[in-house]
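Order of appearance sets the numbers: ligands from 1, and atoms from 1 within every ligand. Sequential numbering from 1 along the given sequence is applied to the chain's residues.
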Amino acid sequence: MPYIEAEQKGGEVRSNGKILLATVKGDVHDIGKNIVGVVLQCNNYEIIDLGVMVSGEEILRTAREENVDIIGLSGLITPSLDEMVSVAKEMQRQNISLPLMIGGATTSKAHTAVKIEPGFNLDQVVHVSNASRAVNVASSLLSEDNKSHYINEIQEEYQAIRERFTERQKLGRRVSLQQARVNKLTTDWDTYTPPTPANPGFTASEILI
Ligand code: B12
C-alpha cells in the first residue's frame, strides 16, 4: 500500500476506474471483499469501500455522489442473495446505469443469471467467483473496445443457464396426488418365484476372514 500510495501521489499512475465495494445489508463477512479491493487497487483501480452491513440506499447514494464506474457487492450468507436482488432492482428503478459485480461464497453464476440479471438491462451484471478474476472482469466492463463483445458473451452464457434452469424445473414438476396414485408401483409377490442359486449354501470363496 505505501508504494501504491506514493506512486499515486507522484501523479504517475492514472486510475483505471472507480469501483465501489460493499458487503450488503445484514452481512458482516468482509475478508473476500477486502482481498478483492486490494487486488483491484494493485491494478490501479480506485476503491471506495463502504464496509459491511451496507444498505442498498447508501450504496446507490454513494455511487451517484462519487460518480463510480462499477458497483461490487459481496455477500456470504443466504439472505444476502435476496438483498443483492433488491439492490439490482433499485438500481434499475433509479435508472442507475452502471455495471454490477456480484461476489462472495454463497453467490453463484446461476443465481446471478436467474434472479438478478432478468430485468437488469441498464448495464451488465456479472458474477465474479474469485478475486483473481475481478481485474479482468472490471477491465472488460470498462473497456470501450471490448465491452460490447464481453457483454454479449456473458448474456449468451446467462441465457443458457436460465434455459437449463427452466428445463430442470419442468422435469422436476410434481404431479397431483391422484396422478401419483394412478402411477403407483404395482407388485405381485404371490406369483413370484425367487431364482435358485447355482450352489446352495456357503462356498469357500464367499467366506471372508
Ligand atoms: C470467516 C467467517 C465468519 C467471520 C467473518 C469475519 C469477517 N470479517 O469476514 C465471522 C465469525 C464474523 C462470521 C460470522 C457469521 N457467519 Co460466517 N463464515 C466465515 C467462513 C469461515 C469464512 C468466510 C471467508 O472469509 N472466506 C474466505 C474469503 C476469501 O472467501 P469469499 O468471501 O468467498 O471471497 C472470495 C470470492 O467469493 C470473491 N468475492 C467475495 N466478495 C466479492 C465481491 C466482489 C465485488 C467480487 C468481484 C468478488 C468477491 O473473492 C474472494 C477471494 O477470491 C465461512 C465458511 C467458509 N469456509 O467459507 C463462514 C460462513 C460464510 N458463515 C456462515 C454463517 C451462518 C455465519 C453467521 C450467520 C453465524 C452466526 N450464526 O452468527 C455469522 C454471520 C452474521 C452476519 N449477519 O453476517 C455460513 C453461511 C451459510 C449461509 N449460506 O448462509 C458459512 C458458509 C459457514 C457455514 N458453513 O455455515 N463468519
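Under the side chain to side chain contact (heavy atoms under 4.5 Å, CB included) rule, Leu100 has a single partner from Asp123, Leu141, Val125, which is Val125. Evaluated for a side chain to side chain contact (heavy atoms under 4.5 Å, CB included) with His127, the options His111, Met101, Lys109 yield exactly one hit, Lys109.
When atom types are taken as modelled, the side chain of Lys115 and the backbone of Asp82 share no donor-acceptor pair closer than 3.5 angstrom. Proximity of a side-chain donor or acceptor of Glu83 to a complementary backbone N or O of Gly26 within less than 3.5 Å is not detected.
Thr106 approaches Ile77 most closely through the heavy-atom pair OG1-O, 3.7 Å.
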For ligand 1, output the ligand-protein N/O contacts shorter than 3.5 angstrom; if there are none, return none.
from, atom 1, to, atom 2, distance (Å)
ligand 1, 8 (N), Asp30, OD1, 2.7
ligand 1, 9 (O), Asp30, N, 2.7
ligand 1, 9 (O), Asp30, OD1, 3.3
ligand 1, 9 (O), Ile31, N, 3.4
ligand 1, 16 (N), His29, NE2, 3.0
ligand 1, 18 (N), His29, NE2, 3.1
ligand 1, 33 (O), Ala105, N, 3.1
ligand 1, 37 (O), Gly104, N, 3.2
ligand 1, 39 (N), Gly104, N, 3.4
ligand 1, 41 (N), Ser74, OG, 2.8
ligand 1, 41 (N), Gly104, N, 3.4
ligand 1, 50 (O), Ala131, N, 3.3
ligand 1, 53 (O), Ala131, N, 2.9
ligand 1, 62 (N), His29, NE2, 3.2
ligand 1, 77 (N), Gly26, O, 2.7
ligand 1, 78 (O), Val28, N, 2.8
ligand 1, 83 (N), Thr78, OG1, 2.9
ligand 1, 84 (O), Thr78, N, 2.9
ligand 1, 84 (O), Thr78, OG1, 3.1
ligand 1, 91 (N), His29, NE2, 2.7

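At a cut-off of 3.5 Å, with distance as the only test, a side-chain donor of Gln124 or Gln155 sits close to an acceptor on the other residue.
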